[in-house]
Number of protein chains: 2
Amino acid sequence: MNKKLYRLKMILQKKEIRPTYQRLKIFEYLHQSKEHPTVEMIYNNMVKKIPTISKATIYNTINLLVEKGLIVPLAIPDSDTRFESNVGWHHHFLCERCGKIIDLDIKCEYFEKREIQGHRIKELHGYFKGICRKCLESKELV
Amino acid sequence: MNKKLYRLKMILQKKEIRPTYQRLKIFEYLHQSKEHPTVEMIYNNMVKKIPTISKATIYNTINLLVEKGLIVPLAIPDSDTRFESNVGWHHHFLCERCGKIIDLDIKCEYFEKREIQGHRIKELHGYFKGICRKCLESKELV
DNA sequence: TTTCGTGCAAAGCATTTGCAAGTAG
DNA sequence: CTACTTGCAAATGCTTTGCACGAAA
């Protein structure tokens, strides 16, 4: 675990980000969490470990990490922005029943393309909305 | 043109929305505009035609139209939400140079699917970010 | 030592809400 | 007439900013 933290510290330094305790802990949390947390969720989690931490620091840090390309924001209508450390291109599934966001492991023909209809592609985002497998299964039991 | 307005009025009534002048004009604007306007853009456009209109009415109306499924919101990180009346599934391209949002006329294998890895699909959203064809061309002239 | 980051409180904005007056059916 | 909608202003809530103190290089 210490080795992993050290690795994260190196990543920050490589991007010229001072690896303060707060930043490292936030970055660590984003790496170990699979729940695509909101700012609120990050804050609630951090307060447990660092009781004096402020929301301003959370905002400052995630903004910095996004700028440096170390995390990615996920915009969803009528919902708070979420963040993830998995910066590789992939799609998402949002369950409208349980609210979870699931990383989809599907191929997309555009993942390899650098151009579409003459436009140069720099980013690609895709998400599905509906009811996830688990919710469907539990509904069938009712 | 009157015929078109009448058609829009019918659409509102079918969804049990009282076709007030403000609502009809906002709905009309969203139908004729191809620029995927923000709330701000809708307001600025409406004020020209209805000088007394308030932002609250714009918000009330678009929220209602979204609820009823007559328009679709488009969430983009670090950018205001945009709206469009084209509710059919399609992808978008966002140019980071000129800021335009372009409807893409491409097929997607998931447009016809109703399930993905066991999850039931109700909505599908995809967008590319990069530099649009026009901006690439004008850059090449420099 | 010097520069940068943190935490607090205040400021800024977009969006929502409450309400009196006006409008649609 | 009765219920709903509008426009205004106030309230709300998320995010950013200014600043003094503290921490990192």
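Numbered from 1 within each chain, the chains take letters A, B, ... in sequence-line order.
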Integer-rounded Å distance: [N] [atom2] and [X] [atom1]:
X     : N      : atom1 : atom2 : answer
A:I62 : D:dT15 : CD1   : C1'   : 10 Å
A:I17 : D:dA25 : CD1   : C1'   : 16 Å
A:I58 : C:dC8  : CD1   : C1'   : 14 Å
B:E16 : D:dA3  : CD    : C1'   : 15 Å

*Of A:L64 and B:Q13, whose nearest nucleotide on DNA chain C comes first from the 5' end?*
A:L64
Which residues pass the side chain to side chain contact (heavy atoms under 4.5 Å, CB included) test with [X], not counting sequence neighbours?
X     : result
A:I11 : A:R7, A:L8, A:F27, A:L70
A:K34 : none
A:P77 : A:Y127, B:P73, B:A75

*Applying side-chain hydrogen bond (donor to acceptor under 3.5 Å, both in side chains), name anything that partners A:H36, two or more places apart in sequence or on another chain.*
A:E84, A:D103
*Using side-chain hydrogen bond (donor to acceptor under 3.5 Å, both in side chains) as the criterion, list what pairs up with A:K122, not counting sequence neighbours.*
B:E96
*Only pairs at least two apart or in different chains count here, so list each side-chain hydrogen bond (donor to acceptor under 3.5 Å, both in side chains) that has a residue in residues 56-68 of chain B.*
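The answer is B:S54-B:T57.
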*May I have all residue pairs that pass side-chain hydrogen bond (donor to acceptor under 3.5 Å, both in side chains) and include part of residues 106-118 of chain A, sequence neighbours excluded?*
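Qualifying pairs, neighbours excluded: none.
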*Between protein and nucleotides 14-19 of chain C, map the contacts as a letter string: B base, S sugar-phosphate only, - none, heavy atoms under 4.0 Å, written 5' to 3'.*
SSBB--
*Please work out which of the three classes, parallel, tilted or perpendicular, describes the rings of A:F93 and A:F128, given edges at 30° and 60°.*
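If you compare the ring of A:F128 with that of A:F93, the planes turn out parallel.
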If you look only at distance, which donor and acceptor atoms sit under 3.5 Å apart when one is on a side chain in residues 37-51 of chain A and the other is two or more places apart or in another chain?
residue, atom, partner, partner atom, Å
A:T38, OG1, A:E40, N, 3.4
A:T38, OG1, A:M41, N, 3.1
A:E40, OE1, A:K55, NZ, 3.0
A:N44, ND2, A:E40, O, 3.3

*Angle between terminal axes - the helix from C:dT1-D:dA25 to C:dG25-D:dC1, 5 pairs each end, rounded to 10°*: 40°
*Among residues 18-27 of chain A, which residues get a heavy atom nearer than 4.0 Å to DNA chain C?*
A:R18, A:T20, A:Q22, A:R23
*What are the residues of residues 43-52 of chain A, sorted by number, that bring a heavy atom to within less than 4.0 Å of DNA chain C?*
A:T52
*If you measure from the Lys or Arg side-chain nitrogens to the Asp or Glu carboxylate oxygens, is any gap between B:K134 and B:E137 under 4.0 Å?*
no
_Does a side-chain N or O of A:S54 approach OP1 or OP2 of C:dC8 to a distance below 4.0 Å, or not?_
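A:S54 to C:dC8 OP1/OP2: no side-chain N or O under 4.0 Å.
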_Other residues, nucleotides and ligands only: do more than 12 of their heavy atoms fall within 6.0 Å of NZ on B:K100?_
no
